[in-house]
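If you're wondering where the values come from, they're calculated on a predicted model, not measured in any experiment. Chain naming here is simple, since letters A, B, ... match the order of the sequence lines and numbering starts at 1 in each.
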There are 2 protein chains.
Amino acid sequence: MERKTISRAVIKRLPRYYRYLGDLLESGVERISSNELSDKMQVTASQIRQDLNNFGGFGQQGYGYNVQHLHTEIGKILGLDRTYNMIILGAGNLGQALANYSKFARWGFKVIGIFDVDPELDGTMVRDIPIRMVSELPRYLKENDVQIAALTLPRNQAKAMAELVTANGVKAIWNFAHTDLKLPEDVIVESVHLSDSLMQLSYNMSNYKDKTQKKSRTKEK
Amino acid sequence: MERKTISRAVIKRLPRYYRYLGDLLESGVERISSNELSDKMQVTASQIRQDLNNFGGFGQQGYGYNVQHLHTEIGKILGLDRTYNMIILGAGNLGQALANYSKFARWGFKVIGIFDVDPELDGTMVRDIPIRMVSELPRYLKENDVQIAALTLPRNQAKAMAELVTANGVKAIWNFAHTDLKLPEDVIVESVHLSDSLMQLSYNMSNYKDKTQKKSRTKEK
DNA sequence: TAGATTGTTAATCGATTAACAATC
DNA sequence: TAGATTGTTAATCGATTAACAATC
């Protein structure tokens, strides 16, 4: 089945839809119209329908969307219907925070290894995972099927580590180092730049303009 | 002087410009043209010039941009020429990771307090900051001038904490809880949704398409 | 059926890229 | 000056919103 390329903007919204649908599911809501969801999520109903129809018709005229079904389908689109083995490179606070976040496992992301260069940490347990030494990494990657590596280490180590793991079969990098990685086309890189985020916050604080001044968007009826 | 509203897309790119200019500065590069920077950053030279000219003419025809000067100016635009007092709500791994990240202070973000509900943590030092109890928060906020609160706590506590601190004068929330916050218009909210990021990664892994080819999809049979 | 709401096309809006005159 | 490169306007591209026919 040929599917047209989905824009980055749409992909970024999918996890948010998934989250809201999960919440609705928890509250026992069975069905929802694009208009109701629009109210909750502060996006236009038109955009919701447009976004979803990139992937097929999940709704029903006169009814709306079945919450359970839509939630499941978006999960599939996001690839949450399978499991991934993930390792964490850098056992600092951030690395340990990721390792401890239990929901990742529920979405299929299994942390199976944590690595650091600090000999002091060797063998320390994080949850049920022992911290291993980076020197063991090549061997580890040959013996274990790892799809994702999270880089929670200093920026000057990020490039070398990214190259090491991708050379050993890792297909995706979740990058928390404060640098952009240039890797072969077939390696997926998703970066979380905390400092960029904080700077945006700071920009908005310095340049606050009352948004109520701008005319409000017209609602669809 | 009235400045026209800057689009969200531009603002998101500013920290990245700032980062690259900082790197250039460290390598002792004195001047750079939009074309050279374009090569490094993988954005078009046209976009760079267009972006910068939202804020004024920082370059010089025939010369390019002075790295030091441009770096400083973008820093000012981002509000990095002043300092902010920040508190962290939630002293888990993520909260401690933020507290330990020394670069934030260099950009003007000073972590002056860390709070948690767990009595076990009361008084524990993170760097030079003692963990305090959330119950002390209202009084603390009256005695200290806090501009930013980072929420590194479970989603079900996020709303109440956000409301508490903003009611006590905090102007901006850096939100790491897995929920969207609805707060008064004049409160700045910047969210980092780690799970959203991981799901985008997962989407891209499941739907990888060789970007070097225009058409054709990964053959699945 | 009648009412509701999707799926989808068309219109609008905004952001990116191209082009080039201004000017260092 | 001649060459280089910006600042800025115009053209293009893409994403969002509006509208409505299809249909449950």
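Taking atom CD of A:Q61 as the reference point, atom P of D:dC24 lies 6 Å away to the nearest angstrom. Whole-Å rounding puts the B:I48 CD1 to D:dT5 C1' distance at 13 Å. Look at CD1 on B:I11: it is 15 Å from P on C:dG14, rounded to the nearest Å. B:R31 has its CZ atom 11 Å from the P atom of D:dA4, to the nearest Å. One interatomic measurement links the two molecules: CG of B:D51 to P of D:dG7, which rounds to 12 Å at whole-angstrom precision. Distance B:N66 CG to D:dT5 P: 15 Å, rounded to the nearest Å. We find that CG of B:L70 is positioned 14 Å from C1' of D:dT5, with the value rounded to whole Å. Rounded to whole angstrom, the span from the CG atom of B:N35 across to the P atom of D:dG3 amounts to 18 Å.
Note on A:R155 versus B:D23: salt bridge recorded, some NZ/NE/NH1/NH2 to OD/OE distance being below 4.0 Å. Ion pairing between a basic and an acidic side chain is recognised when a charged N comes within 4.0 Å of a carboxylate O; B:D196 and A:K12 show no such pairing. Salt-bridge check for B:E163 with B:K159: passed, with a basic side-chain N closer than 4.0 Å to an acidic carboxylate O. Note on B:K76 versus B:D81: no salt bridge recorded, every NZ/NE/NH1/NH2 to OD/OE distance being 4.0 Å or above.
OP1 or OP2 of C:dG7 sits under 4.0 Å from a side-chain N or O of A:Y65. Applying the 4.0 Å criterion to OP1 and OP2 of C:dT16, one finds that B:T44 has every side-chain N and O outside that range. Contact annotation: B:R49 side-chain N/O to D:dG7 OP1/OP2 distance is not under 4.0 Å.
Place A:R13 and B:F58 on DNA chain D by their nearest nucleotides, and B:F58 ends up nearer the 5' end. Of the two residues contacting DNA chain D, namely A:Q47 and A:Y63, the nearest-nucleotide position lying further toward the 5' end is that of A:Q47.
Distances were taken from every side-chain heavy atom of B:S7 (C-beta onward) to each of C:dA15, D:dT6, C:dT6; the shortest belongs to C:dA15. Among the nucleotides C:dC24, D:dT23, C:dT16, the one closest to the side chain of B:A9 is C:dT16. Comparing atom distances between the B:Q60 side chain and each of C:dC24, C:dT8, C:dT5 picks out C:dC24 as nearest.
The base of D:dT9 sits with one of its N or O atoms less than 3.5 Å from a complementary donor or acceptor on the side chain of B:Q50. Side-chain to base pairing of A:S46 with D:dA18: one donor and one acceptor N or O lie within less than 3.5 Å of each other.
Counting any heavy atom pair closer than 4.0 Å across all strands shown, B:S33 reaches sugar-phosphate atoms only and no base atom. No contact: A:R8 has no heavy atom under 4.0 Å from any strand.
A donor-acceptor pair shorter than 3.5 Å can be found between the side chains of B:Y20 and A:D180. Looking at B:S197 and A:W174, their side chains do bring a donor and an acceptor atom within 3.5 Å of each other.
Taking a pair to require two hydrogen-bonding distances under 3.5 Å in either a Watson-Crick or a G-U wobble arrangement, C:dT17 pairs with D:dA10.
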